[in-house]
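The structure appears below as structure tokens.
Quick note: residue numbers are just sequence positions, from 1. As the structure lists them, so they are numbered: ligands from 1, and atoms in each ligand from 1. Every value quoted in this text rests on a predicted model; they were computed, and no experiment measured them.
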Amino acid sequence: MAGLFLSFEGIDGSGKSTQARLLAETLRAQGHVVCHTREPGGSTGAEEIRRLVLEGEADRWSSETELLLFTAARRDHLEKTIRPALARGEVVISDRFADSTRIYQGLTRGDLRDTVDQLHALIIGVEPDLTVLIDIDPGLGLSRAVARAGKEMRFEDMGLEVQVKARDGFLALAGAHPARFRVIDGARAPEMVAADVLAAATARL
Ligand code: ADP
Ligand code: TYD
């Protein structure tokens, strides 16, 4: 694929969305064509699935059903948004991608890691060129996410324990794939975090 595929990962409230937006703005100002997108969502069909998975009671779906819904959303996002943008040579910045499924459905919500990997190989089959992991203390992340509260609170409602497991899981994943991941300390002023993110992205451009 011709373009560059970047993803942002991290626990809820780590500052991913803020950093994805800042990076998109900076790269556009530098003259790059940027496709700034997000998961779950990023295409019409996937945004419809987003409502199903992020709203409602925490026990609304089993982790198995969630895995299928997130994967269906990702496949649509890939077909309709990511692949076409990469084919046009754009920089794709996705706020979450497959690592979120590895962590949330594979590790913290259930023990589905093997199934997650098999389904990924079967249905998705691509990885970002660079994944920026915004790392933050789970308590700080959860307090930021809860302060921002809206309708999409299903995962935040699962509590601190899920965030702690997710943070450890993301750090382990980054350790296992050092060539793809950059871990950046998110417990600093947004502009300081953004400078490190820009340096990591620029190195791949
Ligand atoms: P995420 O997408 O990881 O859930 P957001 O970017 O939406 O995180 O940030 C969560 C909340 O924390 C928002 O209210 C945002 O304004 C705030 N926030 C983001 N980055 C920082 C930062 N570096 N320092 C303090 N607050 C931040
Ligand atoms: P997101 O909108 O990124 O929330 P936040 O800005 O609070 O980080 O994602 C919402 C939730 O969806 C988040 O708690 C993680 C969860 N999620 C999964 O469980 N699996 C997935 O594959 C994805 C993409 C997200």
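Contacts between Val53 and ligand 2 below 4.0 angstrom, taking non-hydrogen atoms only, are absent altogether. Contacts between Gln19 and ligand 1, counted as non-hydrogen atom pairs separated by less than 4.0 Å, are absent for every part of the residue. The proximity of Ile11 to ligand 1, defined as any non-hydrogen pair under 4.0 Å, is limited to the backbone.
Not a single N or O atom of Tyr104, backbone or side chain, sits closer than 3.5 Å to an N or O atom of ligand 2. Taking any N or O of Gln105, backbone or side chain, at least one lies under 3.5 Å from an N or O belonging to ligand 2. For Gly15, a nitrogen or oxygen atom sits less than 3.5 Å from a nitrogen or oxygen atom of ligand 1, counting backbone and side chain alike.
For atom 2 (O) of ligand 1, the closest non-hydrogen atom of the protein is Ser17 OG, 2.4 Å. Here the heavy atom of the protein found nearest to atom 11 (C) of ligand 2 is Leu54 CD2, 3.6 Å. Regarding atom 18 (C) of ligand 2, its nearest protein heavy-atom neighbour is Phe70 CZ, 3.2 Å. Closest protein heavy atom to atom 1 (P) of ligand 1: Lys16 NZ, 3.4 Å. With respect to atom 17 (C) of ligand 1, the closest heavy atom belonging to the protein is Arg144 CD, 4.2 Å. For atom 5 (P) of ligand 1, the closest non-hydrogen atom of the protein is Thr18 OG1, 3.7 Å. For atom 13 (C) of ligand 2, the closest heavy atom belonging to the protein is Asp12 OD1, 3.2 Å. For atom 10 (C) of ligand 1, the nearest protein heavy atom (residue, atom name, distance) is Arg148 NH1, 3.8 Å.
Panel note: side chain Arg113, backbone Arg102; no donor-acceptor pair is recorded below 3.5 Å. Using a distance-only test at 3.5 Å, with no hydrogens or angles considered, a donor-acceptor pair links the side chain of Thr81 to the main chain of Gly42. Side-chain atoms of Arg109 never come within 3.5 Å of backbone atoms of Val162 as a donor-acceptor pair (strictly under, hydrogens ignored).
Of all heavy-atom pairs spanning Leu67 and Leu119, the tightest one is CG-CD2, 3.7 Å. Closest non-hydrogen pair, Gly3 versus Asp129, comes out as O-OD2, 4.2 Å. The nearest pair of heavy atoms linking Ala46 to Ala73 is CB-O, 3.4 Å.
Of the N and O atoms on the side chains of Ser7 and Thr131, at least one donor lies less than 3.5 Å from an acceptor on the other residue. A donor-acceptor contact closer than 3.5 angstrom links the side chains of Thr37 and His77.
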Go through the steps for Leu198 and Leu23 under the test side chain to side chain contact (heavy atoms under 4.5 Å, CB included), then give the verdict.
CA-CA 6 Å; Leu198 181 62; Leu23 182 65; 3.8 Å; yes
Would you please test Val91 and Leu205 for side chain to side chain contact (heavy atoms under 4.5 Å, CB included) and show each step?
CA-CA 9 Å; Val91 179; Leu205 276 167; 3.8 Å; yes
Evaluate the criterion ring pair (Phe, Tyr, Trp, His ring centres under 6.0 Å) for residue pair Phe5 and Phe97; output intermediate values, then yes/no.
CA-CA 11 Å; Phe5 182 15; Phe97 191 66; 5.0 Å; yes
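Atoms of ligand 2 lying under 4.0 Å from at least one heavy atom of Lys16, given by number and element, are 8 (O). Residue Arg74 approaches ligand 2 through these ligand atoms, each under 4.0 Å from one of its heavy atoms: 22 (O), 24 (C). For ligand 2, the atoms sitting less than 4.0 Å from at least one non-hydrogen atom of Thr101 are 21 (C), 22 (O), numbered in the order shown with element in parentheses.
Comparing Gly186, Gly10, Gly13, Ala187 by heavy-atom distance to atom 4 (O) of ligand 1, the nearest is Gly13. Of the options Arg188, Arg96, Glu191, Arg38, the smallest heavy-atom separation from atom 23 (N) of ligand 1 is shown by Arg188. Comparing Arg38, Gln163, Arg50, Arg96 against atom 2 (O) of ligand 2, the shortest heavy-atom distance belongs to Arg50.
The closest approach between Ser14 and ligand 1 falls below 4.0 Å for a heavy atom of the residue. The closest approach between any non-hydrogen atom of Arg148 and ligand 2 is below 4.0 Å. For the ligand labelled ligand 2, residue Glu66 lies outside the 4.0 Å heavy-atom shell. Ligand 2 is never approached by Arg109 to a heavy-atom distance shorter than 4.0 Å.
Within 6.0 Å of the CG atom in Asp185, the count of heavy atoms belonging to other residues, nucleotides or ligands exceeds 12.
Side-chain contact between Asp135 and Phe170 is absent, with no heavy-atom pair separated by less than 4.5 Å.
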